[in-house]
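Below you'll find the structure, written out as structure tokens, and then a few comments.
Residue numbers count from 1 along this sequence.
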Amino acid sequence: MAGKSHKRKRSLQDSPVDLSKMRMALNCLESLKEELDGIEETRAEITEIWEHVRVLEAILQGAKKPRMTFSAIKHEDLKNAGIERKRLYFERVKLAELTKDLTTNAAAHAEIVDLHSRIKKIYCTREHGCSRMVLDAVVLALAEIVSTEKSGVAILPEMRITPRDGVQISHPVSGYELWLSGSVDYAIIQYDDLKDYKSRLLLPGGYREDAIEIAKGRLLLVEAKRQGERDLASYIPEAVSQAIALLKTAKLPEVRFCLSDGQTWIFFILKSENGTLTYYDSPPRLLSRESVAASDADLREIVLLVCEWLRPTTTGLFGVE
């Protein structure tokens with residue numbers, strides 16, 4: 001009889017570890033703790049298990065090559081990797097001027113009128129689960145507004161932008177490092193309609209890896225898939241990590257992206273400045289049931305900003321601090 005095979009012993013210092021699975025285990029255990037809260041027979045055991053799992057998490061943090069998916073990233077992970085945050089604000093007068101100019105474009109005006117009608121119908125016919133429907137409606141309208149006879153827009157959902165081993169981020173002083181992996185929710189690409197670029201991007205068998213190189217404009221849109229009581233801000237690390245992966249993979253100086261649950265929109269810019277990655281976030285902008293029912297003013301602002309974020313053409317629209 002053949003002898004039993006034994007796995008080679010490994011060290012954390014020579015083994016990649018997917019910390020996302022650890023985070024998932026902690027989330028499940030926390031839910032179980034809440035479910036069993038107040039039950040005397042399980043109190044001691046669940047407390048002991050929790051303490052052991054937290055110790056295991058601390059041990060795994062010391063792995064030489066810790067990996068994590070975008071959705072598992074938290075604010076402290078970005079901070080530990082030396083990612084800085086600053087504020088972005090819009091110049092009200094300039095934003096109002098550009099939004100007004102949008103109405104002078106007959107095609108864009110007609111598209112926004114139609115979009116406003118569609119979103120009102122979505123809100124009127126559904127109490128919950130509107131997020132994806134509103135996002136899809138805005139993205140499709142964006143494609144119609146921006147596309148011309150000479151350029152088109154490709155919407156690439158769940159596009160993988162990281163190599164198999166992930167994208168590394170590290171703190172320039174402490175040396176803390178993390179490897180990011182996963183797919184972006186929406187990669188929106190504007191391209192010149194020549195050299196069969198449309199077929200390359202959109203038809204089955206097309207080579208998606210060409211998308212960033214072909215792009216004349218690019219925007220990441222991250223959907224906040226609301227779960228339980230999580231607020232929109234808790235999804236910011238996921239959005240920032242997707243932008244970091246794109247910036248590093250495509251070797252870009254900056255990436256513009258936005259985070260939305262359909263009703264609330266936050267606009268971001270990620271930059272590499274003197275070896276440090278810094279992201280700038282705007283105040284939230286609302287596209288609520290009430291505002292949509294009252295007028296299309298908020299919708300026009302958001303459409304204008306999404307268009308500008310896809311392919312920046314305006315100066316003086318925002319400032320940073």
Side-chain angles (χ1 to χ4, degrees), residues 70-71 73-99 135 138-139 142 161 167-173 176 178 180 182 184-190 212 215 217-224 231-261 263-287 298 301-321:
F70 298 140
S71 59
I73 296 292
K74 296 183 177 180
H75 284 283
E76 55 263 34
D77 298 314
L78 298 178
K79 185 176 180 180
N80 290 339
I83 312 302
E84 296 188 356
R85 171 192 174 254
K86 295 183 180 180
R87 293 185 293 272
L88 178 155
Y89 60 91
F90 293 110
E91 298 288 357
R92 294 183 181 180
V93 174
K94 188 67 173 180
L95 180 57
E97 175 188 321
L98 291 172
T99 303
L135 286 175
V138 171
V139 170
L142 166 69
I161 57 174
V167 172
Q168 181 193 35
I169 56 174
S170 60
H171 195 289
V173 177
Y176 173 86
L178 190 62
L180 306 173
V184 300
D185 289 351
Y186 292 86
I188 304 172
I189 303 296
Q190 185 180 18
I212 302 304
R218 62 188 66 83
L219 166 69
L220 295 185
L221 174 58
V222 181
E223 177 189 1
D231 62 6
L232 190 66
S234 68
Y235 292 87
I236 290 177
E238 178 180 358
V240 173
S241 62
Q242 290 188 22
I244 291 172
L246 175 59
L247 182 141
K248 284 183 165 287
T249 301
K251 298 179 174 59
L252 301 171
E254 75 171 44
V255 170
R256 296 194 179 200
F257 58 108
C258 58
L259 169 67
S260 177
D261 62 0
Q263 295 192 43
T264 306
W265 296 69
I266 304 177
F267 294 83
F268 300 81
I269 298 177
L270 173 72
K271 292 185 177 184
S272 179
E273 302 172 315
N274 300 319
T276 299
L277 290 173
T278 303
Y279 70 92
Y280 301 83
D281 57 64
S282 76
R285 310 194 77 79
L286 295 179
L287 190 61
D298 291 339
E301 280 197 356
I302 288 174
V303 170
L304 181 279
L305 290 172
V306 172
C307 289
E308 183 64 25
W309 246 235
L310 173 62
R311 192 167 187 178
T313 59
T314 304
T315 58
L317 175 58
F318 62 87
V320 297
E321 57 183 12

Value for CD1 (I244) from CG (L78), rounded to nearest 0.5 Å, stands at 5.5 Å
Cationic N near anionic O, under 4.0 Å, E97 to K94: yes
Return the minimal non-hydrogen interatomic distance between Q242 and V222, and the atom names on each side. OE1-CG2, 3.5 Å
Closest approach of L220 and A243, non-hydrogen atoms and distance? CD1-CA, 3.7 Å
Report yes if the side chains of L219 and F267 come closer than 4.5 Å at any heavy-atom pair, otherwise no. no
Pair I236, H75 - check side chain to side chain contact (heavy atoms under 4.5 Å, CB included), show working. CA-CA 8 Å; I236 290 177; H75 284 283; 4.1 Å; yes
Reference residue L98; test side-chain contact (heavy atoms from CB on, under 4.5 Å); the match among V93, L317, T313: L317
Tell me, do V320 and K86 make a side-chain contact under 4.5 Å, heavy atoms counted? no
Can you tell me how far CD1 of I83 sits from NE2 of H171, rounded to the nearest 0.5 angstrom? 9.0 Å
Just how far is it from atom CD of Q190 to atom CG of L310, taken to the nearest 0.5 Å? 5.0 Å
Any side-chain heavy-atom pair of I269 and F318 under 4.5 Å: yes
Pairwise distance CD(Q168) to NZ(K248) - rounded to 0.5 angstrom: 7.0 Å
Going by ring-ring contact (aromatic ring centres under 6.0 Å, His included), F268 matches just one of F257, Y280, W309. Which one? F257
Within-4.5 Å side-chain heavy-atom neighbours: L247 and L277: yes
Before you tell me yes or no, could you show the steps for D261 and Y235 under side chain to side chain contact (heavy atoms under 4.5 Å, CB included), namely the whole-Å CA-CA distance, both residues' side-chain angles and the distance that decides it to 0.1 Å? CA-CA 10 Å; D261 62 0; Y235 292 87; over 6 Å; no
Please confirm whether the backbone N or O of L286 pairs with a side-chain atom of Q263, one donor and one acceptor, at under 3.5 Å? no
Got a second to check how far L287's CG is from I302's CD1, nearest 0.5 Å? 4.5 Å
Do the side chains of V184 and L246 get nearer than 4.5 Å, heavy atoms only? no
How about CZ on R87, more than 12 heavy atoms from neighbouring residues, nucleotides or ligands closer than 6.0 Å, or not? no
State, yes or no, whether a side-chain contact exists between W265 and L305 at a heavy-atom distance under 4.5 Å. no
With side chain to side chain contact (heavy atoms under 4.5 Å, CB included) as the criterion, how do Y176 and D77 come out once you've worked through the C-alpha distance, each side chain's angles and the decisive distance to 0.1 Å? CA-CA 10 Å; Y176 173 86; D77 298 314; 4.1 Å; yes
Atom SG of C258 and atom CD1 of I188: how far apart are they, to the nearest 0.5 Å? 7.0 Å
Would the distance check show the side chain of E84 and the main-chain N or O of T276 forming a donor-acceptor pair, the cut-off being under 3.5 Å? no
Donor-acceptor pair, D231 side chain versus S234 backbone, under 3.5 Å? yes
Side chain to side chain contact (heavy atoms under 4.5 Å, CB included), that's the test. Do F90 and E301 meet it? Break it down for me. CA-CA 11 Å; F90 293 110; E301 280 197 356; over 6 Å; no
If I compare all heavy atoms of C307 with all of L142, which pair ends up nearest, and what's the gap? SG-CD1, 3.5 Å
Taking side chain as C-beta onward, heavy atoms only, is L252 less than 4.5 Å from R218? yes
Nearest atoms (heavy-atom pairs only) where L232 meets A224: CD1-CB, 3.4 Å
What I'd like to find out is whether the side chain of L178 reaches to under 4.5 Å of the side chain of I73, using heavy atoms alone. yes
Taking every non-hydrogen atom, the tightest pair across A81 and P172: O-CD, 4.5 Å
Closest contact, heavy atoms only, I266 versus S282: CG2-O, 3.3 Å
